[in-house]
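Computed from heavy atoms alone, side chains included, the values below leave out hydrogens, waters and symmetry copies. Fair warning: this is a prediction, and the values are worked out from it, not measured in the lab.
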Amino acid sequence: EEFEAQQAEPAPTEQKVDDRPQDKARRKRLDEEMAGITEPAEREAFLRKELLTDPMPGLGNRRAYEEAAPKKLQGSIDADSLKWVNDNMSPGSGDAMLTAIGQALKQLGVEAYHISGDEFMVQSDQESEISAAMALVQEQLKETVIVIERPDGTTVEKKGIDITFAIGETKDIFPKL
């Protein structure tokens, strides 16, 4: 008997991963908006804005924060109970929670960024500006309601979003050589 060697199919160099629905929707929106921009400088400005913005809360992202000129004071914000909301309500509810925090910060006009997960940063040269903004954000978020409908038709409601924040001076942690 003659032995026939079978060659294994080469491993794909690229794996296809299904996009999340919100990624598909965002990509479609970007394609539509880009189609209407013909000037190269306008296209570059549009793409730069998209690159530096976290679409969920609508704030600058980590890259934008790292590129921003540092102000004298930094405020670190943590969204309390995000893991519980994601695990017990739904990841969409966690997204709604982060969006509510982002909207509250944006409405106050403070320089704010969504760094990752449940972490946000604000910066200012005035401690009173950050303290006042955080007090207003906390007050506004106490009234926020997140409602989800479970597959069985029951609803779960969470009223109030808590944040924890701290304010500190900006330090140059990387000495100039």
Trainee: Ion pair present between Lys159 and Glu143, side-chain N to carboxylate O less than 4.0 angstrom?
Mentor: yes
Trainee: Okay, side chain of Gln123, backbone of Lys71: is any donor-acceptor separation there less than 3.5 Å?
Mentor: yes
Trainee: Using only heavy-atom distances, determine whether the side chains of Thr164 and Asp78 contain a donor-acceptor pair under 3.5 Å.
Mentor: no
Trainee: Taking atom types as modelled and ignoring hydrogens, do the side chains of Tyr65 and Glu111 form a donor-acceptor contact shorter than 3.5 angstrom?
Mentor: no
Trainee: Output yes when a side-chain donor or acceptor of Lys158 lies under 3.5 Å from a complementary backbone atom of Gly160, and no otherwise.
Mentor: yes
Trainee: Mind checking salt bridge (charged side-chain N to carboxylate O under 4.0 Å, His left out) for Glu169 and listing every partner two or more places apart, or none if nothing turns up?
Mentor: Lys171
Trainee: Around atom CD of Glu66, are there more than 12 heavy atoms of other residues, nucleotides or ligands at under 6.0 Å?
Mentor: yes
Trainee: Mind checking whether Val85 and Leu98 sit in one hydrophobic cluster, side chains of I, L, V, M, F, W, Y counted as touching below 4.5 Å?
Mentor: yes
Trainee: OG1/Thr170 to NZ/Lys72 distance, rounded to the nearest 0.5 angstrom?
Mentor: 10.0 Å
Trainee: Under 4.0 Å between a Lys/Arg side-chain N and an Asp/Glu carboxylate O for Arg48 and Glu67?
Mentor: yes
Trainee: Looking only at side chains, do Ser90 and Ser93 share a donor and an acceptor under 3.5 Å apart?
Mentor: yes
Trainee: Given side chain to side chain contact (heavy atoms under 4.5 Å, CB included), test Arg63 with Leu51 step by step and report yes or no.
Mentor: CA-CA 8 Å; Arg63 180 186 300 246; Leu51 175 72; 3.9 Å; yes
Trainee: Do you see a donor-acceptor pair shorter than 3.5 Å between the side chains of Glu149 and Thr155?
Mentor: no
